[in-house]
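Everything on this sheet refers to the single structure shown next.
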Amino acid sequence: LLTTQLQALTSVQMGAMETVDVQALTTAQVASLSSGNVQALTTVQVGALTTTQLVALSTGNVGALSERQIVALTTAQSAALTTGQIGALSSVQVRAFETSDLQALTTAQVVALTTAQASALTTGQVQALSTAQVQALLTTQLQALTSVQVGAMETVDVQALTTAQVAGLSSGKIGRA
């Protein structure tokens, strides 16, 4: 399909594409998709995207993914998201990440989380962060966490916090850690 033909597909047509046809799309074709096209993809189609295709999505299109589509992402896909794509996710989308997908994020991707995204993490997600990911958290991200979230951190992760990170926490949050 030409890019213009792909863009002209209706939501029904987009959702009806065979997985193999979705996987055959070039990165240029994926990059040309409208947010409506992306939203029309089934969870099976989203899960079948290659990491190269996923990275080709604009930040706007990544931000348009539904919670169900986010859940459908594989761990490899989540790990491949660019820092720009991570920053474009809504708090609701970040909460939809499975803990294994969150654990696969690099420290650069963790740093790319906005304070709103950090504060939206579930206690299970916070608990699942690796020590390296916790150490990578910016002071502003840690400050955005609730005392319940800080309390959910593994002991080894709390012990690994830097002096600057601890200094940025309120006394109420330190007591929970």
Side-chain angles (χ1 to χ4, degrees), residues 27 30-31 33 35 38-39 41 43 46-47 49-177:
T27 54
V30 171
L33 294 175
S35 58
V38 172
Q39 290 170 333
L41 292 173
T43 55
V46 169
L49 290 171
T50 66
T51 55
T52 307
Q53 288 174 313
L54 189 67
V55 170
L57 288 174
S58 70
T59 55
N61 280 345
V62 170
L65 292 171
S66 70
E67 287 177 69
R68 290 181 44 175
Q69 288 171 316
I70 293 291
V71 171
L73 293 175
T74 66
T75 302
Q77 288 172 316
S78 298
L81 291 169
T82 67
T83 55
Q85 289 172 320
I86 293 286
L89 295 170
S90 72
S91 298
V92 172
Q93 289 172 309
V94 170
R95 285 182 72 88
F97 267 89
E98 295 175 353
T99 54
S100 58
D101 294 342
L102 195 64
Q103 288 172 325
L105 298 182
T106 65
T107 55
Q109 289 169 308
V110 170
V111 169
L113 291 170
T114 66
T115 54
Q117 291 169 328
S119 68
L121 293 172
T122 66
T123 53
Q125 288 173 317
V126 171
Q127 192 172 38
L129 292 173
S130 71
T131 302
Q133 289 172 318
V134 170
Q135 285 179 317
L137 289 171
L138 302 172
T139 305
T140 53
Q141 292 169 316
L142 279 169
Q143 289 169 339
L145 297 178
T146 66
S147 56
V148 174
Q149 288 169 307
V150 172
M153 287 183 183
E154 298 286 336
T155 304
V156 67
D157 296 335
V158 173
Q159 292 170 343
L161 291 174
T162 66
T163 307
Q165 287 174 311
V166 172
L169 293 174
S170 67
S171 59
K173 290 181 185 177
I174 292 171
R176 294 285 310 227

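In this chain, numbering begins with 1 at the start of the sequence shown.
Counting heavy atoms from C-beta outward, M153 and Q127 have side chains that stay 4.5 Å or more apart. Residues F97 and L89 are in side-chain contact: their nearest non-hydrogen atoms beyond the backbone lie under 4.5 Å apart. Within the 4.5 Å cutoff, no side-chain heavy atoms of V30 are placed close to those of V38. Counting only heavy atoms from C-beta outward, the side chains of V71 and R68 never approach each other to under 4.5 Å.
No donor-acceptor distance shorter than 3.5 angstrom exists from the side chain of Q149 to the backbone of T122, with no hydrogens or angles considered. Between the side chain of Q165 and the backbone N or O of Q135, at least one donor-acceptor pair lies under 3.5 Å.
Of all non-hydrogen atoms in I86 and Q109, the two that sit nearest each other are CG2-O, 3.6 Å. Scanning all heavy atoms of the two residues, the minimum distance from Q103 to Q133 falls at O-NE2, 3.4 Å. Closest approach of A80 to V55, counting heavy atoms only: O-CG2, 3.1 Å.
Residues satisfying the side chain to side chain donor-acceptor pair (under 3.5 Å) test with Q141, not counting sequence neighbours, are none. Residues forming a side chain to side chain donor-acceptor pair (under 3.5 Å) with D157 (at least two apart in sequence, or on another chain): T131.
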(Q) The test is side chain to side chain donor-acceptor pair (under 3.5 Å); show your working for S35 and N61 and say whether it passes. (A) CA-CA 5 Å; S35 58; N61 280 345; 4.6 Å; no
